[in-house]
Amino acid sequence: MGWAAAGALAAGLVAGAPTTEAVSAEAPAGTPPVRTITYNVCGADAAVCRSELSLGAWANGVVGHITDWDSDVVMLQEMCKGQYDELRKLLPGYAGVWGSNRTAPGCSQWGADQTFGQALLVKGPQSQVAGMSAVVTADVTEPRSVVCAKAPVEGRVVLACGTHLKQDEETQNDTPALLERIDDWANGLPVILAGDFNARPDYSNMDPVYAGRPGTLSLIGAGCGDTTCRSGAPTLVNGDKTEYVSKFDYTFFTRQDFRDLRSETVETGLTKVKDHLLVRSAASFRNRPAPVDGDLTGDGVRDLLAAHEDGTLRLYPGLGNGRFASYRVIGNGGWSAAEVSHRGDWTGDGREDVVARIGDNLWVYPNTGDGRLGERIPMGARPTGWKNAGVLAVGDVDGDGQPDLVGRSVNGLYLHRGSVGVNPALPRNAVVLGGTEWAPAAQPEILAPGDVNGDGRADLWARAADGQFRQFLSAGAAALPAPTAIGTAGTAAYPLSGTVGDADGDGRADLLLTVAPGGTGTGDLRFLPGNATGTGFGTPVTIGVGGWGSILSLR
């Protein structure tokens, strides 16, 4: 049924619109691309509302709604494990997350397994979905929980969550704990939250949801367009099971990430009597600026990471003029022996992430959006086996749009091509970029200046043992060509070098050097602007006075 032809259905896309009696309906032309369904299926309550259909007929009915809407994310509450398993069979293109804290005898209609809980389905492969669940209120009879997944949705990684809360008109039931948990998991990702909240919009226990968590989690309900309102079409039936009178089922999106919000209710006929309406919602992603290599704080300016000898990791936000603001600590300990670098968005959320080799392990630390680091993720395909390798995140060396690493040992330099996603990985065989001339004794420092010649591929700098800086232009997934000398700074006078790429905004990569003890400017940090020809550097400028002798790396 087309949108224009379905008067009641189209009307359902604004707050307070009537319910459509359609069994199913395809998404009309012009529906925003991010599409969700939330539905309390009443899978176990045989006395009140559990469907009397066979498992196959019931599952086919639900699948029809999912596919007609071309749903990206589906949240299902009061579900039995047998129902979930059947849907998984019928929806091979969807990954699943199951959460349960109890059993229910009424689930026996759907199979021997009486596990009862919530399900979340996400369009896409299971390998790209990270599922999680948590109890938000330990209710004696039915612990109330949230089930979430980090997953790509229409090309962007989101945190999608479904929940089923307890009914309590007098207090704020589970909502504060719910939002705290989601905020922790999201780490700045776009959030979609939907489910049966067991509360009308005007109940006080919805206050925390509409208020959000200032500065980190701001939600807007679908059904009011892109404006905030506390209303919407009813979704819950009255006491005699004849009329839908209260809105208990919701879909929320983070307002900074989504626009064009729509929502409508649909009667499915998939319960014995009227119970809950299915809610289907849609939205578009807001446009976001293209990420800038080296930018950790999201302001479009390249930033500096520095490991300190006291074990902390410091972030120096770039100012765009070749200088950096005062540092803030983003890692409290254990970083002195780590190899830390940042080039590339490894998790697919549009933010540059941090890669660290710590001992034998390789980790990705997701950027939460302002430079703070989220919970680390082991690098897929090769999470261990790195203790004898120097590792540097350098950007996209081979030009395939994915970030890459270079690793080197006494035997040579190797390209490890990356794969972006919820579970970032290095899935392909390493490519030899160079031989023993890259051994640490020959070229102690490797730097990541970014794409210095404008061909769309990340290039490399290296400082040789004699202090000469050499520029290696990328040849893609192939051995590096012969280098060009671009300057000299001996390690005795300038023990540490680094680069964030173009730090002063003139389109040319720049160099950073620390000054050794004993000379003029001991412990200072100096900035050397790249020259107009890209073949060397201009006059050094002191941009940090003292204290840089205790820094172990500049990235």
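As the structure is a prediction and not an experimental result, all values here were calculated from the model.
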Can you see whether N187 engages T368 through a side-chain donor-acceptor pair at a distance of less than 3.5 angstrom? no
Looking only at non-hydrogen atoms, find the nearest pair between R286 and R156 and report the distance. O-NH1, 3.2 Å
Using a distance-only test with no angle check, is there a side-chain donor-acceptor pair under 3.5 angstrom linking T297 and D303? yes
Mind listing the closest non-hydrogen atom pair of T265 and P234 along with its distance? CG2-O, 4.1 Å
Could you check whether D257 and T254, counting side-chain N and O atoms only, form a donor-acceptor pair closer than 3.5 Å? yes
For the residue pair Y250 and Y210, does the interplanar ring angle fall in the parallel (under 30°), tilted (30 to 60°) or perpendicular (over 60°) class? perpendicular
Y365-W335 aromatic ring centre distance below 6.0 Å: yes
Would you kindly check if the NZ (Lys) or CZ (Arg) of R376 is within the cone defined by 45 degrees around the ring axis of W363 and under 6.0 Å from the six-membered ring centre? yes
May I have the step-by-step check of ring-ring contact (aromatic ring centres under 6.0 Å, His included) for F285 and F258, ending in yes or no? CA-CA 4 Å; F285 282 113; F258 295 94; 4.9 Å; yes
Go through the side-chain N and O atoms of R88 and Q126 and say whether any donor and acceptor fall under 3.5 Å apart. yes
Between Y316 and Y327, how do the two ring planes meet: parallel, tilted or perpendicular, split at 30° and 60°? tilted
When you check the side-chain N and O atoms of T163 and Q77, is any donor under 3.5 Å from an acceptor? no
Taking the six-membered ring for Trp, are the ring centroids of F252 and F197 within less than 6.0 Å of each other? yes
Derivation and outcome, side chain to side chain donor-acceptor pair (under 3.5 Å), residues D240 and N238: CA-CA 6 Å; D240 61 10; N238 61 0; 3.1 Å; yes
With no hydrogens and no angle check, do the side chains of T235 and Y244 hold a donor and an acceptor under 3.5 Å apart? no
From SG (C148) to CG (L159), nearest 0.5 Å: 4.5 Å
Under a 3.5 Å threshold, yes or no: a donor from one side chain and an acceptor from the other, between H164 and Q118? no
In plain terms, say whether D196 and R144 are close enough for a salt bridge, that is, a side-chain N and a carboxylate O under 4.0 Å apart. no
Do you see a donor-acceptor pair shorter than 3.5 Å between the side chains of R255 and T228? yes
Considering the options V422, T347, V420, which one meets the side chain to side chain contact (heavy atoms under 4.5 Å, CB included) requirement together with V157? V422
Which one of V191, L219, L189 satisfies the side chain to side chain contact (heavy atoms under 4.5 Å, CB included) criterion with I182? V191
Check whether any side-chain heavy atom of K81 lies under 4.5 Å from a side-chain heavy atom of W98, and answer yes or no. yes
Donor-acceptor pair between N367 and E352 side chains, under 3.5 angstrom: no
Is it true that S71 and R35 share a donor-acceptor pair across their side chains at a distance under 3.5 Å? no
From Y39 atom OH to R280 atom CZ, the distance as rounded to the nearest 0.5 Å: 13.5 Å
Side chains of T384 and N361, donor plus acceptor under 3.5 Å: no
Does R50 pair with D45 as a salt bridge, N-O distance under 4.0 Å? no
Check the side chains of H276 and D249 for a donor-acceptor pair under 3.5 angstrom, ignoring hydrogens and angles. yes
Nearest heavy-atom neighbours spanning V273 and V48: CG2-O, 3.3 Å
